[in-house]
Amino acid sequence: MSFPVHRPRRLRQSPAVRRLVSETDAVPRRLVLPLFVREGLAEPVPIGSMPGVVQHTMDSLRRAATDAAEVGVGGVMLFGVPAVRDAQGSGADDPNGILNLATTALAQEVGDALVVQTDLCLDEFTDHGHCGVLAPDGTVDNDASLERYASMALAQARAGSAMLGLSGMMDGQVGHVRAALDAEGFTDTLILAYSAKYAGAFYGPFREAVDSQLKGDRRTYQMDPGNAREGVREALLDVDEGADVVMVKPALPYLDVLAEVRASVDVPVWAYQVSGEYAMVEAAAANGWIDRRGAILESLTAIRRAGADVILTYWAAEAARWLSPGR
């Protein structure tokens, strides 16, 4: 009987060997936890379509961030849900607005232990739910939105945000915000560009999380799900404008884009495992159809394998506990 010369199974023979030769891992420091804080709450409010995720009060937000820091998560990304909205999204750059107050609180609480990041977009703050301000004809006005982004960026930097997550998908947003920050002396404030952000079907639960007022869609500024080359182009433009990090969102449906972006830029590349990805796993696990822990860890590994240096995920703190040595 002849035997094969090559026996790849030798590298799979035991947990110790498999661990030693593993090519890809997801470790706590490579995870970022998105957090929602809502103005006027007395108690945290569960988000029905995202089991285990809540809209936080200021106190519960601090506790969640402290917990994330203790288990080694790399950062938190803050989203604010205001009590009052208007067409300009005035609460976004109000120093006393919920997002900016929460940013200061977390920067003081955990800013030495992890990176406090803030979502820089108007959709949570506008009464029409779009990511920019509207022109008289009802379309999203790109350049007028840039002025609002600059004001929002300065408010967040003053509040203590270490990294601004530019998620609005307006042309030129990175360069405009970078110039505004530098002019005011915030040269060390990092910019995370949501470069390849697709107008897809996986954001539904998030809209519940931020009580979105959107009617219609965002297809005139977010990307067509069929366009991969365009995602790479957007990332290259953002790097050229001064982005410190670029991101692909959502993650699992766009692993091919993530891999292409990783191969094309020389800055860190992140991915956002969005609310719909989270909700699907939670729903299937609740019905006993999949192994919850296994599916979560496999999905994180897949995103890392495709090229993500860091993953934004609602499982960040829980996964960090599983991934930490000795747990």
_Surrounding CD of Glu43 (heavy atoms of other residues, nucleotides or ligands, distance under 6.0 Å), is the total greater than 12?_
no
*asked:* Is it the case that the side chain of Asp291 and the backbone of Gly294 share a donor-acceptor pair, with hydrogens and angles ignored and the cut-off at 3.5 Å?
replied: yes
*Near Gln13 CD, under 6.0 Å, is it more than 12 heavy atoms from other residues, nucleotides or ligands?*
yes
*Hey, does Tyr149 have a side-chain heavy atom less than 4.5 Å from the side chain of Cys131?*
yes
*Output yes when a side-chain donor or acceptor of Thr118 lies under 3.5 Å from a complementary backbone atom of Leu164, and no otherwise.*
no
_Side-chain (Ser22) to main-chain (Arg18) donor-acceptor, under 3.5 angstrom_ = no
*Heavy-atom distance under 4.5 Å between the side chains of Ser324 and Pro28, does that happen here?*
yes
*Output the distance between atom OG1 (Thr24) and atom CG (Leu300), rounded to the nearest 0.5 Å.*
12.5 Å
*asked:* Please find the pair of heavy atoms, one from Ser264 and one from Val232, that lie closest to each other, and give the distance.
replied: OG-CG1, 3.5 Å
*With no hydrogens and no angle check, is any side-chain donor or acceptor of Gln55 less than 3.5 Å from a backbone partner on Val45?*
no
*asked:* Is there a salt bridge (Lys or Arg N to Asp or Glu O under 4.0 Å) between Arg178 and Asp244? Walk through the geometry before answering.
replied: CA-CA 10 Å; Arg178 184 75 270 165; Asp244 299 289; 3.8 Å; yes
*Can you tell me if Arg30 uses its side chain to pair, donor with acceptor, with the backbone of Asp309 under 3.5 Å?*
yes
*Parallel under 30°, tilted from 30 to 60°, perpendicular over 60°: which one fits the rings of Phe206 and Phe79?*
perpendicular
*With rounding to the nearest 0.5 Å, note down the distance linking CG in Leu192 to CD in Gln117.*
6.5 Å
*Between the side chain of Arg207 and the main-chain N/O of Val210, is any donor-acceptor distance below 3.5 Å?*
no
*Flag, side chain of Thr104 to backbone of Asn100, donor-acceptor distance under 3.5 Å*: yes
*Of all the heavy-atom pairs spanning Ala193 and Val174, show the shortest one and how long it is.*
CB-CG2, 3.7 Å
*Do we see a donor-acceptor contact under 3.5 Å between the side chains of Asp59 and Thr57?*
no
_Closest contact, heavy atoms only, Ala251 versus Ala271_ = CB-CB, 4.0 Å
*Geometric class of the Tyr278/Tyr314 ring pair [parallel <30°, tilted 30-60°, perpendicular >60°]*: perpendicular
_Please report the interatomic distance OH(Tyr272) to CD1(Ile311), rounded to the nearest 0.5 Å._
13.0 Å
*Counting only heavy atoms not in Asp217, do more than 12 sit closer than 6.0 Å to its CG atom?*
yes
*After noting the C-alpha distance and the side-chain angles of Arg218 and His130, does the key distance pass the side chain to side chain contact (heavy atoms under 4.5 Å, CB included) rule?*
CA-CA 7 Å; Arg218 297 182 172 126; His130 278 289; 4.3 Å; yes
*So do the side chains of Glu234 and Met169 get within less than 4.5 Å of each other, counting heavy atoms only?*
yes
*Closest approach of Pro34 to Thr313 (non-hydrogen atoms, all atoms of both residues)*: CD-O, 3.2 Å
*Would you call Glu124 and Arg85 a salt bridge, taking side-chain N to carboxylate O under 4.0 Å as the test?*
no
*When clusters are formed by joining ILVMFWY residues with side-chain heavy atoms under 4.5 Å apart, either directly or through shared neighbours, do Val27 and Val73 land in the same one?*
no
*asked:* I'd like to know if Arg321 pairs up with Asp67 as an ion pair, taking the criterion as any Lys NZ or Arg NE/NH1/NH2 lying under 4.0 Å from an Asp or Glu carboxylate oxygen.
replied: yes
_Straight-line distance of Asp25 CG to Thr301 OG1, nearest 0.5 Å_ = 8.0 Å
*Is there a side chain to side chain contact (heavy atoms under 4.5 Å, CB included) between Asp143 and Leu146 once you walk through the steps?*
CA-CA 5 Å; Asp143 294 0; Leu146 297 185; 4.2 Å; yes
*Going by atom types only, do Glu241 and His176 share a side-chain donor-acceptor pair under 3.5 Å?*
no
_Between Gln273 and Ser299: side-chain donor-acceptor atoms closer than 3.5 Å_ = yes
*Counting only heavy atoms not in Asn96, do more than 12 sit closer than 6.0 Å to its CG atom?*
yes
*Mind checking whether Tyr194 and Leu237 sit in one hydrophobic cluster, side chains of I, L, V, M, F, W, Y counted as touching below 4.5 Å?*
no
*Answer whether the closest heavy-atom distance between the side chains of Lys249 and Val274 falls below 4.5 Å.*
yes
_If hydrophobic clusters are built from ILVMFWY residues whose side chains come within less than 4.5 Å, do Phe202 and Leu255 share one?_
yes
_Between CG on residue Leu122 and CE on residue Met152, distance to nearest 0.5 Å_ = 5.5 Å
*Side-chain contact test, heavy atoms from C-beta onward, threshold under 4.5 Å: evaluate it for Glu109 versus Val116 and give yes or no.*
no
*Side-chain contact test, heavy atoms from C-beta onward, threshold under 4.5 Å: evaluate it for Leu258 versus Val269 and give yes or no.*
yes
*First locate atom CG of Leu99, then atom CG of Asp119, and finally report the distance between them rounded to the nearest 0.5 Å.*
7.5 Å
_Backbone of Arg148 reached by a side-chain donor or acceptor of Asp93 within 3.5 Å_ = no
*Expected output: side-chain Glu277 to main-chain Leu252 donor-acceptor under 3.5 Å*: yes
*Could you give me the CA-CA distance, side-chain angles and deciding distance for Leu120 and Leu166, then say whether side chain to side chain contact (heavy atoms under 4.5 Å, CB included) is met?*
CA-CA 5 Å; Leu120 198 158; Leu166 276 61; 4.0 Å; yes
*Is a side-chain donor-acceptor pair under 3.5 Å present for Trp315 with Glu282?*
yes
*Taking the side chain as every heavy atom from C-beta outward, state whether Thr187 and Leu181 have any pair of such atoms under 4.5 Å apart.*
no
*Would you please test Leu78 and Leu106 for side chain to side chain contact (heavy atoms under 4.5 Å, CB included) and show each step?*
CA-CA 9 Å; Leu78 298 181; Leu106 290 200; 3.4 Å; yes
*Using the rule that two of Ile, Leu, Val, Met, Phe, Trp, Tyr join whenever any of their side-chain heavy atoms come within less than 4.5 Å, decide whether Leu114 and Met58 are in one cluster.*
yes
_So does Lys197 get a backbone contact from the side chain of Tyr254, meaning a donor-acceptor N/O pair under 3.5 Å?_
no
*Please tell me if the side chains of Val281 and Ile290 come closer than 4.5 Å, counting only heavy atoms from C-beta onward.*
yes
*Count the heavy atoms belonging to other residues, nucleotides or ligands that lie under 6.0 Å from CZ of Arg233, then report whether that count exceeds 12.*
no
*At their closest point, which heavy atom of Trp270 faces which heavy atom of Pro268, and how far apart are they?*
NE1-CB, 4.0 Å
*Which pair of heavy atoms, one from Ala26 and one from Leu323, lies closest together, and at what distance?*
O-CD1, 2.9 Å
*Linking I/L/V/M/F/W/Y whenever any side-chain heavy atoms sit under 4.5 Å apart, do Leu190 and Val267 land together?*
yes
